[in-house]
Amino acid sequence: MDEKRTVGKYFWLKLLMVPIGMFGFAFALIPLYDVLCDVTGLNGQLGNSQVDYSKVVNYAVDENRHVMIDFTAAISTGFPINFYPKTKKMDVIPGKMYTIEYMAENRSNKVVIGQAVPSIAPSLAALHFKKLECFCFSKQVFQPKQPVVMAVRFVVEPDLDKSIHNITLSYNFFKIDKSKT
Amino acid sequence: MATTTSDIQTEIDKHDDHAGHDDHHHGPEKGLMRWVKTTNHKDIGTLYLWFAFIMLLVGGAMAMVIRAELFQPGLQLVEPQFFNQMTTLHGLIMVFGAIMPAFVGLANWQIPLMVGAPDMALPRMNNWSFWILPFAGAMLLSTLFMQGGGPAFGWTFYAPLSTTFAPDSTDFFIFAIHMLGFSSIMGAINIIATILNMRAPGMRLMDMPLFVWTWLITAFLLIAAMPVLAGAVTMMLMDRNFGTSFFDAAGGGDPVLFQHIFWFFGHPEVYIMILPAFGVVSQIIPTFARKPLFGYSSMVYATASIALLSFVVWAHHMFLTGMPIAGQMYFMYATIMISVPTGVKVFNWVTTMWRGSMTFEVPMMWAIAFVMLFTIGGFSGLMLGIAPADIQYHDTYFVVAHFHYVLVTGALFSIIAAVFYWLPKWCGRMFNEKLATIHFWWAVISVNVLFFPQHFLGLAGMPRRIPDYALQFSDFNMISSIGGFAFGASFFLLTYIIVDTIRNGKPVKEARVWESAKGLEWTVATPAPLHTFDEAPTRELILAESSHTGSH
């Protein structure tokens, strides 16, 4: 009773493709993860795109609803900038537009180029926190010992889940290598 | 006609002037070089098992340091940094050095014997995949002696602990993981090729013993999951040395991404360590219950569905990373769904024993202990799978208790059961049954004293991986440590029993060492000669020796 063989002698070479493919898959997880976060706003990673003014003027404003926004600032290691929000906390009404300012001062004697990466917590709020203007949209050049005021104009959409009463907007500044810019 | 080793060997020898060193019908080479150059599946199986046993003792010694430090509250014996290295290396050594190589060793010994093949499909790669291991293990252990100490970030090596804040030796750790991964992948490819290519011509897939089935599925898990781990450590290496920011938020990366990649490997990994255990127990229980295995095909399908589900539940390790409710719900239900095929297996083992003519030889006692204690570990796993409850359990000793019940009383117990079950066949000598029985009760009682109180500690909120604890945890920690020392000491007895068996055990002549055992491995002479099944067994023999059909 000879069973018909369905695999050949060099079947193991084909098998080798599985680990090679899966090794690639581990790296493919990174764009997949970013796409998933962009689509769903998970991880607060939605914050780096500009919204049109025209889109945000027609919100129905409920004056009785309040959301507390916390602003935080952070810098990556070795980034010689004093960076902090002028306003630490703000009570906002969803649907209205607000502007706040962040301060930054280059402590070093060299020109420093940086890019801010925003993050919004909780993740569910990220979809509804719209920035109309932000210093995070572009690279920032800091002249030595020069204080800079940077504005953020934002609106919290009224569609924000009713259970959310607090939102944190944080920025992390990191250095951009001059040779690569 | 099936492809046999000798075919491949002939093929290789055509291109190789050094032909003949694996020539059949010659004895093995004398001395140490036999073990260095061997391509024989039995020799390599033996090497794997001894390597795993040594690593088990090394990892066990580290566990003793952990339990000694936790014997009393406060810091008594070791520095916290050293304690962290102990917890990290204990986990890594036990997972990658002890449990996985032990199962590969069992596969090497048993799979060719159980499918009627003369050897593994790729004997030289087999030699290579073993001999990578001692070097990888040595490299991992050598980090302990380096400046800054060894890895101290837990066996899960979450970024940025393992990237930004890790000691310099972490690069050695990364390379060791790469080598261990290579070894596992090669071993797995070899096992798949052996099972699919080298089976006796009369053996259909659904005639294969369950140990072979579970290993076939495990091997597929290995080749799919280990490369993802290799990817994760490669990204770590690049973050540490080449200025990338895969896991660094400041550079646009994300530390949570590390957890996703790690657990995409990590969850299948836990099934890599338990599916072969299911196979072992499914061989032992029918032998000593003197009944064919109940529900063989449901066992095969249950194993396959556990394997498939294992790839889609990884984020239940990450309930506290800020997942949306929908994600938590999905991962919770998917996780709990795994208990259905696992329940099928436990049901089938119990039903195999039901109304069987049971006898309680040492391997059977270990198998029964496995079924009972693994089930306890399964239940605590169910509790951990409940997302809202996990907020309390996460990173506590409850988790430690859970995975030690499934890995020690699960995977390790099944390995011990397998060694007692097949050792007489391997070396032609019977172990000292009286001592082995004493050892069984000693180990089973002490392991419960060791791990059961850890459930209570975890429920009360004692965090894992911390060298000190609040005073209210003192009593249970002391009980747990006493159990730990007793369990640790039981391995001296186990070492003695095994060495004594090999050296002076009572010779066994019968091919069928256990009178009620079924399977092709019991048709070859005892002790198993170096070369077996030069001629494939007939289909009649295969069916007569099936442990899951017909009568015992």
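Letters A, B, ... mirror the listed sequences (proteins, then strands); counts begin at 1. What you see is a predicted model, and the numbers here were worked out from it, not measured in a lab.
- When the shell of 6.0 Å around CE of B:M329 is examined, it contains 12 or fewer heavy atoms from other residues, nucleotides or ligands.
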CA sep, side-chain torsions, deciding dist, call: B:F264, A:M22, side chain to side chain contact (heavy atoms under 4.5 Å, CB included): CA-CA 11 Å; B:F264 192 87; A:M22 287 307 286; 3.9 Å; yes
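- When every heavy atom of A:A26 is checked against every heavy atom of B:G231, the shortest pair comes out as CB-CA, 4.0 Å.
- Between B:F246 atom CZ and A:L29 atom CG the span is 11.5 Å, to the nearest 0.5 Å.
- B:F311 CZ: more than 12 foreign heavy atoms inside a 6.0 Å radius.
- No side-chain heavy atom of A:Y33 sits under 4.5 Å from any side-chain heavy atom of B:I261.
- Contacts of A:F27 with chain B are made by both backbone and side-chain atoms, with heavy-atom separations under 4.5 Å.
- Remark: B:E535 CD is loosely packed, at most 12 non-hydrogen atoms of other residues, nucleotides or ligands lying under 6.0 Å away.
- Separating the CG atom in A:L32 from the NE2 atom in B:H260 is a distance of 12.0 Å, to the nearest 0.5 Å.
- Proximity to chain B is absent for every atom of A:I75, based on heavy atoms less than 4.5 angstrom apart.
- The candidate from B:M186, B:M125, B:M226, B:M235 with the greatest count of non-hydrogen atom pairs under 4.5 Å with chain A is B:M235.
- Here A:I30 contributes atom CD1 and B:D254 contributes atom CG; the two are 10.5 Å apart, rounded to the nearest 0.5 Å.
- Looking at A:W12 and B:I192, their side chains never come closer than 4.5 Å, going by heavy atoms from C-beta outward.
- In this structure the side chain of A:F174 never reaches within 4.5 angstrom of the side chain of B:D248, judged on heavy atoms.
- Remark: of the listed residues B:I223, B:N190, B:L196, B:I223 is the sole one forming a side-chain contact (heavy atoms from CB on, under 4.5 Å) with A:L15.
- Counting heavy atoms of neighbouring residues, nucleotides and ligands inside a 6.0 Å radius, atom OH of B:Y158 exceeds 12 of them.
- One finds the CZ atom of A:F23 at 9.5 Å from the CD1 atom of B:I185 (value rounded to the nearest 0.5 Å).
- Interface remark: B:F265 contributes no atoms to any contact with chain A (heavy atom separation under 4.5 Å).
- Heavy-atom neighbours of A:K14 NZ from other residues, nucleotides or ligands within 6.0 Å: at or below the threshold of 12.
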